[in-house]
Engineer: 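I have a structure I would like to understand better, so I am pasting it below and will then ask my questions one at a time.
Every chain is numbered from 1, with letters handed out A, B, ... down the list of sequences. All values reported here derive from a predicted model rather than from experimental measurement.
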Protein chains: 2
Amino acid sequence: MAATRHDHRRCVSNALGAAALLCRRRGARLTSLRAGVLEIVWRGHAPIGAYAILERLRREHGQAAPPTVYRALDFLLAQGLIHRIESMNAFIGCPRPAEAHGGQFLLCTLCGTAAELADKRVEAALTTATARAGFRVEARVVELRGLCRVCTAAEARHAG
Amino acid sequence: MAATRHDHRRCVSNALGAAALLCRRRGARLTSLRAGVLEIVWRGHAPIGAYAILERLRREHGQAAPPTVYRALDFLLAQGLIHRIESMNAFIGCPRPAEAHGGQFLLCTLCGTAAELADKRVEAALTTATARAGFRVEARVVELRGLCRVCTAAEARHAG
DNA sequence: GTTTCATATGTTATGATATAACATTACATC
DNA sequence: GATGTAATGTTATATCATAACATATGAAAC
């Protein structure tokens, strides 16, 4: 079951445009290789692994080795343009790269899509809980696997 | 900087005792190999990787190969006796194996210790946020890296 | 108490993910 | 155009995880 229907070309071009703008403002170099990797990551709304990116990159850009991909991914992560999904060893485009980071990811086990939340109450609760423990948070990983809205509805229909 | 001082032998023996009891109640077989792996995991309060476990196992039990370790880990995970720390590809003993699962982990980047929380407000906030998104959660990964209380205090002293 | 079966473990090989180390190229600045 | 930094190419290897099949162990039936 795919995610909600939409014109995905707009997702991609919006993301690439925003990335170019952000990098220009920051003096970071979004080279064609890096932009190519970002574009590959953005082709789907499901996280993609480094070696899957590598395959595509080889077809389209010619030579490429694992470090080629990992270095581009490191750059994109540092700029907040993508996120790493720890529980999948995979990467997903960030829909709001200009804003503060470390959202919550909803990973559908059926259709594979990843959605990013930035829920204030979740973040506040985490802040309170960690503060009480005397813990100073530097990075958050919040990944929830389960069934997305579309797949839940589809399953309910079939169960009928 | 190590975690809070305590008699760690009691941690280990408590954990092994609780595990034996739980498995007996459930009709699950906590074999000597599995108990050995659990004991190795419990030796520290820092997550340990599968290959580090393998090394120790080889010294102490003789032959062992990666599947030996991964199978034991799979069993211990299924019984809720350990947790996998996704962002580290490592494993940590669960201090409350009898209770409901999926806590929040505080991972200190300085001393390496992992602490497990089970904060009701965090869990409630996650439930609310995911429900609003129409997402049905099956498993949660919440891992927070940063400085633990002890290391924060130590750092503050040195910064003097 | 031995047969039987399911479960656990041994063993070999390989797949999947990630990085180290060093050579070369491209690009901005002077 | 010279110069230095950042980016990329290239080879090799480290690290994490599982497939597939052989063997052994232990509980339950007989």
Engineer: Is it the case that the ring center of A/Phe91 lies less than 6.0 angstrom away from the ring center of A/His83?
Structural biologist: no
Engineer: Starting at atom CG of A/Leu33, determine the distance to atom P of C/dT25, rounded to an integer number of angstrom.
Structural biologist: 17 Å
Engineer: Might you confirm whether atom CZ of A/Arg58 has over 12 heavy atoms from other residues, nucleotides or ligands at distances under 6.0 Å?
Structural biologist: yes
Engineer: So which nucleotide from C/dA18, C/dT9, C/dG10 ends up closest to the side chain of B/Arg34?
Structural biologist: C/dT9
Engineer: To the nearest angstrom, how far is A/Ile53 atom CD1 from C/dA18 atom C1'?
Structural biologist: 13 Å
Engineer: Classify the nucleic acid contact of B/Arg29 as base, sugar-phosphate or nothing, counting any heavy atom under 4.0 Å across all strands shown.
Structural biologist: sugar-phosphate
Engineer: Report the residue (A/Pro67 or A/Gly49) whose heavy-atom-nearest nucleotide on DNA chain C is the more 5′ of the two.
Structural biologist: A/Gly49
Engineer: Can you tell me the distance, in whole Å, between the CZ atom of A/Phe91 and the P atom of C/dT17?
Structural biologist: 10 Å
Engineer: Grab the CG-P distance between A/Leu73 and C/dT19 for me, whole Å please.
Structural biologist: 10 Å
Engineer: Within this structure, what is the CZ-to-P distance between B/Phe75 and C/dA8, rounded to whole angstrom?
Structural biologist: 7 Å
Engineer: Determine the minimum heavy-atom distance between A/Cys108 and A/Cys151, stating which atoms define it.
Structural biologist: SG-SG, 3.7 Å
Engineer: Using the side-chain hydrogen bond (donor to acceptor under 3.5 Å, both in side chains) criterion, which residues pair with A/Glu138? Sequence neighbours excluded.
Structural biologist: none
Engineer: Looking only at side-chain atoms of A/Asn89, point me to the closest of C/dT17, C/dC22, C/dT19.
Structural biologist: C/dT17
Engineer: Earliest and latest nucleotide of DNA chain D, 5' to 3', sitting under 4.0 Å from a non-hydrogen atom of chain B?
Structural biologist: D/dC16 to D/dG26
Engineer: With distance as the sole criterion, is a donor-acceptor pair present between the side chains of B/Ser87 and B/Arg145 under 3.5 Å?
Structural biologist: yes
Engineer: Would you please confirm or rule out a distance under 4.0 Å between OP1 or OP2 of C/dT17 and any side-chain N or O of A/Tyr51?
Structural biologist: no
Engineer: For the CZ atom on A/Arg43, are there more than 12 heavy atoms of other groups (residues, nucleotides or ligands in this structure) within a distance under 6.0 Å?
Structural biologist: yes
Engineer: Atom CZ of A/Arg71 and atom P of C/dA26: how far apart are they, to the nearest Å?
Structural biologist: 15 Å
Engineer: Evaluate the side-chain proximity of B/His45 to B/Trp42: yes if any heavy-atom separation is below 4.5 Å, no if none is.
Structural biologist: yes
